[in-house]
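Everything on this sheet refers to the single structure shown next.
Excluded from the calculations below are hydrogen atoms, water molecules and symmetry mates; all remaining heavy atoms, backbone and side chain alike, are included.
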Amino acid sequence: YLVGSTGGNLFEVDQAGNATIIATNTSPGTNVSGLAYVQVGCFAAPFGVACDGPTGSTAMSLSGDCSIGGTITSTSGNHTAPAVGLAVYGFMELAPALDLGPILGATGCNLYVRPDVLVGGLTDANGVFTSTLTSTAAFAGNRFYVQHAVLEGPDLSSFTSSSAAFIQY
C-alpha cells in the first residue's frame with residue numbers, strides 16, 4: 001500500500017504493517033493524502049493447520065512461478081502410498097474452517113478452502129501428493145486458494161487434510 005501523510009511524506013506499507021518513507025513532496029510543502037493499493041508481482045502464503053497422516057504432518061508447501069502464465073506446484077507428504085488424493089481449489093477461504101470430524105469422522109482435520117474445483121490424483125511411492133496449477137490472464141488481481149485431502153485407508157474417517165495456502169495474482 002502507498003499512504004500519504006502530513007509534511008508531504010509518502011510511505012510504502014508492507015503486509016506486516018511496516019511503513020517506509022519513499023518520497024517527500026517539498027514544493028509546495030503541503031500534505032499528501034490518500035491511500036493506494038499497488039500490486040507488484042504475486043505472492044503466496046500458507047494458513048491453517050494440517051492433520052497428521054500415517055507418518056506425520058501432512059503440511060502442504062508451494063513451489064514454482066505464481067506470475068500470470070506461471071505454474072505453481074502444491075505438495076503434501078506423510079500420506080499412505082498409494083492413496084487417492086484431491087487438490088481442492090477455490091476462490092474463497094472457508095471461515096470458520098469446516099471440521100471434517102463430524103462429517104467424515106476425520107477427527108482433527110479441517111477444510112479451509114471452498115471446494116470450487118477438485119482435481120484427483122494418487123500419492124507417489126513415497127506417500128507424496130502433488131498437484132499443479134497454471135494461471136491465465138483471468139487470475140490477474142484475484143486470490144486463489146488450494147488445499148489437499150487424501151483418503152489414507154478404506155473408510156472416510158481415514159481422510160487427512162493438509163494445511164492450505166492462498167496465491168495472490
Roughly how far, to the nearest 0.5 Å, is [atom2] of [Y] from [atom1] of [X]?
X      : Y      : atom1 : atom2 : answer
Tyr145 : Gln168 : OH    : CD    : 8.0 Å
Met60  : Thr130 : CE    : OG1   : 12.0 Å
Asn78  : Asp52  : CG    : CG    : 8.0 Å
Leu156 : Leu100 : CG    : CG    : 10.5 Å
Leu62  : Ile167 : CG    : CD1   : 5.5 Å
Leu151 : Thr123 : CG    : OG1   : 10.5 Å

Is a side-chain N or O of [X] found less than 3.5 angstrom from the main chain of [Y], in a donor-acceptor match?
X      : Y      : result
Ser162 : His148 : yes
Asn110 : Tyr112 : no
Glu152 : Ser158 : no
Asp99  : Gly101 : yes
Tyr169 : Ala138 : no

Taking [Y] as the starting point, is it possible to reach [X] by hopping between hydrophobic residues whose side chains are less than 4.5 Å apart?
X      : Y      : value
Leu98  : Met92  : no
Phe139 : Val119 : yes
Phe159 : Val84  : no
Val49  : Phe47  : yes
Leu122 : Leu118 : no

What pair of heavy atoms forms the shortest contact from [X] to [Y], and how long is it?
X      : Y      : result
Cys109 : Ser161 : CB-OG, 3.4 Å
Ala50  : Ser57  : CB-OG, 3.8 Å
Thr160 : Gly53  : CG2-CA, 3.9 Å
Tyr89  : Thr132 : OH-O, 3.6 Å
Ala125 : Ala81  : O-CB, 3.4 Å
Ser67  : Ser135 : O-OG, 3.1 Å

Requested in this report: Answer yes or no: is there a side-chain heavy-atom contact under 4.5 Å between Leu133 and Val146?
Outcome: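 Heavy-atom side-chain distance check fails, nothing below 4.5 Å.
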Query raised in the report: So, do Thr58 and Val150 sit near enough that their side-chain heavy atoms are less than 4.5 Å apart?
Result: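 No, every pair of side-chain atoms sits at 4.5 Å or beyond.
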**Report entry** Centroid-centroid distance, Phe91 to Phe144, less than 6.0 Å
**Finding:**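 So the answer is yes for these two rings.
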